[in-house]
Amino acid sequence: MAKISINLSTGNLEKAPESDVIVGIDLGTTNSLVAYMREGEAVAVADDSGKNTLVPSVVHFADSEQIIVGTEAKKYLLTDPQNTIYSVKRLMGKSYKDVAAAEQYLGYEVIDEDTDSLVKIRVRDRFYSPVELSAKILAELKKRIEATLGQSVSKAVITVPAYFNDAQRQATRDAGKIAGLDVLRIVNEPTAASLAYGIGLSQDESKTIAVYDLGGGTFDISILQIQGGIFEVLSTNGDTFLGGDDFDRAIIDFWLKENNIDPQILTENKALSQELRIAAEQAKKTLSTDNQYTERVGEWTCEITKAQFESLISSLINKTLDSCKQALNDAKLAVENIDTVIMVGGSTRVPLVKQTVSEFFKETVNDMLNPDEVVALGAAIQADILAGNNKDLLLIDITPLSLGIETMGGLMDTIIPRNTKVPAKAGRQYTTSIDGQKNLQVAVYQGERDLVSDNRKLGEFILRGIPPMPAGIPKIDIQFILDADGILTVRARELRSELEQSIQVKSAYGISEEEMARMLLDSIQNAESDMKIRALLEARNEANNIILSADKFLTQNTAILSEEEISETKKLTDMLRQSVEGQDKDAINVAMDNLNKYTTPLAHRAMDVNIGEAIKGKKL
Ligand code: AMP
């Protein structure tokens with residue numbers, strides 16, 4: 001195990017790299033920002049004007065293949081929504097099945113042929129993963145801090161919501177890697193907010209805190225227990241579609257009513273709708289300090305008082321309290337057990353929000369820091385601790401390289417990511433790819449590259465004797481258990497038959513620190529090309545599955561398909577087969593999309609017929 005850091009520009013290992021800044025990044029749904037420690041104090045980095053620290057998490061693809069990120073990109077949300085991607089954080093590490101319900105809120109095309117695989121976003125004829133898009137935002141933040149500091153920056157701490165699962169955390173790490181950042185730690189947003197207020201910084205502190213985070217579009221409440229510098233998330237709750245945007249909408253509805261305007265006008269007149277939205281947000285912000293707001297929009301006078309605004313939003317705020325109650329319940333705590341309440345997110349500037357939350361928790365809330373910046377500031381403080389600059393906090397033992405197994409096409413599937421605290425335990429479920437498959441080879445690797453052939457093999461074994469089942473049916477659970485001495489136990493278990501097999505390997509055996517540094521440097525330098533290879537191999541795997549299903553579908557449903565439908569399906573399947581032979585993942589994705597769009601209605605028809613037959617008592 002290691003308590004070391006690696007200088008990526010030289011490949012050398014260093015104890016405490018004083019000169020090498022580690023930045024803290026809040027990669028948000030609506031806005032992102034980067035912060036660092038300047039003379040012992042966390043500061044957020046502003047743009048050229050020196051005023052705006054927030055970078056809107058928006059990526060716009062201009063016609064000329066040019067990619068624009070941030071404030072400039074946001075301008076295209078209305079004029080060119082299909083090519084302007086926002087809220088990509090909502091899609092991180094998610095499959096199409098997970099996001100189908102949210103798709104109606106997005107102005108761009110989210111697709112996947114296979115509901116279980118990770119989503120892609122289609123922009124014209126190119127397909128992007130949420131990881132790639134997040135990497136563009138991170139790259140923009142990297143550029144910003146490098147311009148401010150006048151030196152290159154390669155290490156970061158990135159925050160994620162406390163409820164992010166392993167896949168979402170790994171996706172965030174991958175985005176960092178593609179942006180050329182070595183992600184030293186993924187930190188929970190509420191933990192970062194707490195650190196920003198100096199809570200949890202000393203070893204002898206013991207506290208239970210609530211972090212109330214109300215942003216533009218999302219609400220999160222997290223209950224954390226802090227003991228000896230360790231943060232434990234006791235519970236989280238929230239609403240992924242509740243925030244300041246709803247306050248704005250309530251004001252617009254109020255104005256429409258006051259002026260007797262037909263709401264239909266908003267769908268017909270986009271420019272007016274946009275003007276009203278901007279005025280509503282302005283009104284809301286004004287009412288955080290003043291008692292009254294008046295403005296002319298077109299031919300109307302848009303007026304609202306603080307009292308009117310408060311009556312509009314009180315039910316929305318009460319909804320957040322329901323989540324708070326649920327979170328307390330889940331943590332088996334009462335309001336009285338909460339020692340400190342921390343406010344995060346721009347919408348906590350609304351006085352009624354502060355007042356209501358404060359009354360609920362019977363506690364004065366912490367709101368001294370800028371609620372938009374507090375998470376990034378805390379991330380910078382965490383980064384400083386990792387750099388060894390905060391002598392009071394111990395660095396915990398971590399695993400220096402990622403551990404994982406080989407999956408389809410020779411890809412590395414990381415199970416324990418590098419920099420995970422040890423001891424650690426993690427696992428994932430796999431299945432077979434061939435009908436009647438009896439054996440499954442489990443090859444264990446160490447390293448950061450996407451292809452296992454570029455990583456270091458630690459060992460392998462074969463799980464033999466899986467009972468014959470169709471491909472995709474067996475559930476094989478693979479567990480990685482890493483103890484404090486770096487001994488890794490890998491266990492594979494087929495859940496139906498309880499068949500089990502395991503090995504033990506020494507993860508740090510026979511590898512020098514220089515070699516580790518080299519591997520890390522290689523992974524950052526090759527991140528872009530690795531990502532491309534991974535995307536191609538994944539597209540091929542997915543396409544091969546779809547070809548198999550299409551062939552099966554044709555043989556099973558000949559009777560209910562017309563000749564033309566059969567020949568068209570065959571043609572589209574052949575085109576997909578051809579594209580799989582090539583090197584262009586976008587061509588594969590287009591071919592998959594075409595086949596899928598053509599066969600979906602046919603599949604629905606087949607299902608209806610089959611169900612009909614079953615009802616009539618016939619065999620399926
Ligand atoms: P965030 O997602 O944390 O960046 O929060 C952005 C939300 O905070 C948006 O809905 C903003 O309109 C809102 N916001 C920003 N400043 C204020 C303010 N002074 N008063 C009320 N809401 C604000």
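Counting starts at 1 for both ligands and their atoms, following the listed order. FYI, side chains are in, hydrogens and waters are out, and symmetry mates aren't considered; it's all heavy atoms of this structure. Bear in mind that the values here come from a model prediction, so they are computed numbers and not experimental data.
Distance from atom 19 (N) of ligand 1 to its nearest protein heavy atom, with residue and atom name: Arg349 CD, 3.4 Å. Looking only at heavy atoms of the protein, atom 17 (C) of ligand 1 is closest to Lys285 CG, 3.6 Å. Of the protein's non-hydrogen atoms, the one nearest atom 14 (N) of ligand 1 is Gly346 O, 3.5 Å.
When each atom of ligand 1 is checked for a heavy atom of Gly345 under 4.0 Å away, the hits are 3 (O). Each of the following atoms of ligand 1 lies closer than 4.0 Å to a heavy atom of Val350: 21 (C). Under a 4.0 Å criterion applied to the non-hydrogen atoms of Asp372, ligand 1 contributes the atoms 1 (P), 3 (O), 4 (O), 5 (O). Which parts of ligand 1 touch Gly244 is read off a 4.0 Å heavy-atom cut-off, strictly below it: atoms 10 (O). The contact set between ligand 1 and Gly215, taken as ligand atoms under 4.0 Å from a residue heavy atom, comprises 1 (P), 2 (O), 3 (O), 5 (O), 7 (C). Near Asn31, with a cut-off below 4.0 Å to any heavy atom, the atoms of ligand 1 are 4 (O).
The closest side-chain heavy-atom distance from Leu184 to Ile22 is below 4.5 Å. The side-chain heavy atoms of Phe254 and Ile304, taken from C-beta on, include a pair separated by under 4.5 Å.
Taking the centre of each ring, Phe61 and Tyr128 come in below the 6.0 Å mark.
The pair Arg534-Glu538 meets the salt-bridge criterion, since a charged nitrogen lies less than 4.0 angstrom from a carboxylate oxygen. A salt bridge links Glu140 with Lys143: the closest approach of a Lys/Arg side-chain nitrogen to an acidic carboxylate oxygen falls below 4.0 angstrom.
Using a non-hydrogen distance threshold of 4.0 Å, Ser347 registers as a contact of ligand 1.
The nearest non-hydrogen atom to atom 22 (N) of ligand 1, considering only Lys284, Glu373, Glu281, comes from Lys284. When the heavy atoms of Pro351, Gly216, Ala280 are ranked by distance to atom 9 (C) of ligand 1, first place goes to Gly216.
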Discussion item. Is there a salt bridge (Lys or Arg N to Asp or Glu O under 4.0 Å) between Glu189 and Lys89? Walk through the geometry before answering.
Written reply: CA-CA 14 Å; Glu189 287 161 9; Lys89 186 174 178 180; 2.7 Å; yes
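For the pair Gln82 (side chain) and Tyr108 (backbone), a donor-acceptor distance under 3.5 Å is absent. When atom types are taken as modelled, the side chain of Glu41 and the backbone of Arg38 share no donor-acceptor pair closer than 3.5 angstrom. Side-chain atoms of Asp290 do not come within 3.5 Å of backbone N or O of Gln292 as any donor-acceptor pair.
Considering backbone and side-chain atoms alike, Ser288 places an N or O below 3.5 Å from some N or O of ligand 1.
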